[in-house]
Amino acid sequence: MLPPAVLVDTHCHLTDPRFAADLPAVLERAAAAGVGKCLTIATGLADAERAAALCAAHPEVAMSAGLDPYSCHQSADPEGDLARLDALAATGALRAIGEFGLEFHHEVLPRERQEALAEAQLRIAAAHRLPVVLHARSGRGVDAHAAMLAVLDRVPGTGGVIHSFDGDGDQAAAYVARGLHVAVNGMVTFPANARLRAALARVPPDRLLLETDAPYLSPVPLRGRRNEPGHLVHILAAVAAALGRPAAAIAGETTANARTLFLAP
Ligand SMILES: [Zn+2]
């Protein structure tokens, strides 16, 4: 018998107001479920300040920060925000740059502007030798993964993860070919997502990551409730079933991948 693996939730939003009342209990439930480490993802500079305070209070939480498409859309000064993100990265507080990327489902900035802001953040990450956390959501007839792969080709060699992956097997393989990891969340448990479960076979064991994206995207059988890091075990079980491999093996591999990518000293 292997000892229980300590899982890493590589993408959650613990600064969300929905965790304000009971975060210590949320983290206790996560630890009891075997989720011993969380990467909380700040989606703008104000959120990054909240995340830094949260990490100071909870050593089992580390942080990433980026300018996501919504915060870029709302900002009066995106160029200044890029400079401030660069300065924050220089302090050593961040385990990654992100999430940032391309949002085509909700109407935010024009496509070209989103791509330019994504490219700028890829360059910030490269300058600080940090991995990236990428967001790509298709919509309005535009495939966000095809667009993101083209942006990645402008800044080759950046490591990191395509988070909340929902593309097909060829796209998963294309990210892997560019050196990226692929992270799946509760969407992999949704009955309709057979294509996503099939795509997992195209991700090598050393490139797969698990995430909850809490408080969003609660996995089956908890849909409709607030998601939290302890629910990662349901995502692990769905991935193991889709791959036809033991959950303990997937747990060990994904934890090692998360530690190497985000938590190495
Ligand atoms: Zn997120």
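Both ligands and their constituent atoms are indexed starting at 1 by order of listing. FYI, side chains are in, hydrogens and waters are out, and symmetry mates aren't considered; it's all heavy atoms of this structure.
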**OP:** Specify whether an N/O/S atom of Cys12 falls short of 2.8 Å from the Zn ion (ligand 1).
**Re:** no
Subject >> Distance (rounded to the nearest 0.5 Å) between Leu45 CG and Ser75 OG >> reply: 8.0 Å
Subject >> Donor-acceptor contact below 3.5 Å, side chain Arg111 vs main chain Ala147 >> reply: no
**OP:** Considering just N/O/S atoms, say which atom of Asp213 is closest to the Zn ion (ligand 1).
**Re:** OD1
Original post:
So how far is it from Arg223 CZ to His234 NE2, rounded to the nearest 0.5 Å?
Top reply: 14.0 Å
**OP:** Take Gln114 and His73, measure what side-chain hydrogen bond (donor to acceptor under 3.5 Å, both in side chains) needs, and give me the verdict at the end.
**Re:** CA-CA 9 Å; Gln114 291 195 48; His73 183 58; over 6 Å; no
Subject >> Three-point angle His11:NE2, the Zn ion (ligand 1), Glu99:OE2, rounded to the nearest 10° >> reply: 90°
